[in-house]
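Structure record follows, encoded as structure tokens.
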Protein chains: 2
Amino acid sequence: MTDKRRHSWTEIRDSIRQMILDSTYGPGDKLPRDEEFAARFGCARSTVHRAMRDLAESGVVERRRKGGTMVRRDPVTRATLNIPITRLEVEQKGSVYQYQLIRQSVQATTPAIMANFGLPEPRPMLRVEALHLADSRPYIFEDRWICLETVPEIASVDLTRDSANEWLVRNRPYSRCDLRLYARPGTESDSEVLQSNAGDALFVMERTTWIGEEPITSLRAVAHPGYQLVTQG
Amino acid sequence: MTDKRRHSWTEIRDSIRQMILDSTYGPGDKLPRDEEFAARFGCARSTVHRAMRDLAESGVVERRRKGGTMVRRDPVTRATLNIPITRLEVEQKGSVYQYQLIRQSVQATTPAIMANFGLPEPRPMLRVEALHLADSRPYIFEDRWICLETVPEIASVDLTRDSANEWLVRNRPYSRCDLRLYARPGTESDSEVLQSNAGDALFVMERTTWIGEEPITSLRAVAHPGYQLVTQG
DNA sequence: TACATTAATATGTAGCTACATATTATTGTC
DNA sequence: GACAATAATATGTAGCTACATATTAATGTA
């Protein structure tokens, strides 16, 4: 079985995946250990390790030290969402991007925002309501809360010119990001801002980010009717 | 600067990320090459390489052979969606899962489905409409097309008992998956199946998968009003 | 038998070398 | 100067060794 030519880890990965596919190893089965596979394929253990790590990342197998590698019983569809800065999203569609600050004020967090962050106590935050436009038409309306303790510099940013979206993404990396996607019927106030009709179904993205344990920002972005979030992979 | 103790690649990654964060290297800047960093940190190039690969995967930097490593100008928010089998999703919420086959027939692909797959010609596919229930209430309605040429075995599966969702995920790994998420107002026929009201906003997930170049399945899953798709990372 | 201690084991990581590959920079030729 | 051939260079990958770490299995003792 051993083969003299060099094997790439993608080849090894595909071979193992194929064996899982054709039921050589079924859901819940324990796979041979890396060394065993390495001997069989005639490659180094590190190459098998790499292949296995990829399979584990994509949700095909599960690995545990000493426990070995198992074919997952409940395969998962894993897709990576790429959420760019809204300006770039608009520009990549070939549209002209505009931005409007609607409201801005310092407020204590509401219970809903505290829940998003998992905060036990209210905190003073900067609340920013703003509209992103594509070709002069409303694109996404965002209602954002920014933690003034974690991001004090935001107070000195001119948010009539630069969007908080862009400033934060460029200046404040995060270590954790929670996402929540859902559909919501358009309300009266939506109609005003998004020029939508009362019956429209609106796509909503809620995003909350932290740096370590410290809250950065929590926002609800409501997209214009017809908006679609697309991934390929 | 070199340090005798062993450095983990996560440490190196975090150090480099921190330098990007505190503007030692700004957006668009070229980072030192891996060897240079290795010398500075007193670790092996492979360790820096691992750290860099992780930063590249998470969208912080961009790497090109010979071109070196650059801090991305347009940082992206990357989130991994975990889409489990619907049965498991329901059961993990502590609800009782049920499944109902509504309709099943062999049809030629409509232009919309052909577009999803990127097919130039119509193909015969198995169209399956089915309902997933949680605690006897409609949860997700799926309208699915399955390519009979790629997955002929599906013809002999009893879809009144097993959902196509589960059978396919368990038996047909895919190599490519396109996703499309959007909101849509509930229609008349939605109301019947999902017990929704006419004005409801419905969350829709469209998923198309291939194995190599061959189409496997394309489906539109319409969730009950109030459904939310959540990720943590 | 019950429970703590120890050994065994499979994966995870760090470090090294060597070579592959893609891309840029340089050089040579007309 | 234009363009092709060649060299230089930074990242990507494969293979090796050694050790770390987590977890299970085996063992010993009360």
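Chain A is the first sequence line, chain B the second, and so forth, proteins listed ahead of strands; every chain is numbered from 1.
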What residues from residues 24-37 of chain A pass a heavy-atom cutoff of under 4.0 Å to DNA chain D?
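When residues 24-37 of chain A is checked for heavy atoms under 4.0 Å from DNA chain D, there are no hits whatsoever.
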Holding to ring-ring contact (aromatic ring centres under 6.0 Å, His included), I want the full list of residues that pass it with [X], two or more places apart in sequence or in another chain.
| X | answer |
| --- | --- |
| B/Y99 | B/H132 |
| A/Y182 | none |
| A/F141 | none |
| A/Y25 | none |

I want to verify a distance call: between C/dC19, D/dC19, D/dA14, whose nearest atom is closest to the A/T47 side chain?
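So the side chain of A/T47 is nearest to D/dA14.
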Near-strand residues of residues 52-69 of chain B, defined as heavy-atom separation under 4.0 angstrom from DNA chain C:
B/R64, B/R65, B/K66
What integer distance in Å separates [X]:[atom1] from [N]:[atom2]?
| X | N | atom1 | atom2 | value |
| --- | --- | --- | --- | --- |
| B/H7 | C/dA14 | NE2 | C1' | 11 Å |
| A/R45 | C/dT13 | CZ | P | 11 Å |
| A/H49 | C/dA14 | NE2 | C1' | 11 Å |

Strictly by salt bridge (charged side-chain N to carboxylate O under 4.0 Å, His left out), give each pair with a member in residues 42-56 of chain B just once, sequence neighbours left out.
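The answer is B/R13-B/D54.
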Quick one: is A/R50 getting a side-chain N or O under 4.0 Å of the D/dT13 phosphate, OP1 or OP2?
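So the side-chain polar atoms of A/R50 do come within 4.0 Å of the phosphate oxygens OP1 or OP2 of D/dT13, strictly under.
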Could you list the residues that satisfy salt bridge (charged side-chain N to carboxylate O under 4.0 Å, His left out) with B/E121, not counting sequence neighbours?
none
Mind checking what makes salt bridge (charged side-chain N to carboxylate O under 4.0 Å, His left out) contact with A/R137, not counting sequence neighbours?
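Not a single residue meets the salt bridge (charged side-chain N to carboxylate O under 4.0 Å, His left out) criterion with A/R137.
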Rounding to 0.5 Å, atoms OG1 (A/T150) and CD (A/E153) come to a distance of 10.0 Å
Counting the atoms with a prime plus P, OP1 and OP2 as sugar-phosphate, which does B/S46 contact under 4.0 Å by heavy atoms, base, sugar-phosphate, or nothing?
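Base contact - B/S46 has a heavy atom under 4.0 Å of at least one base atom.
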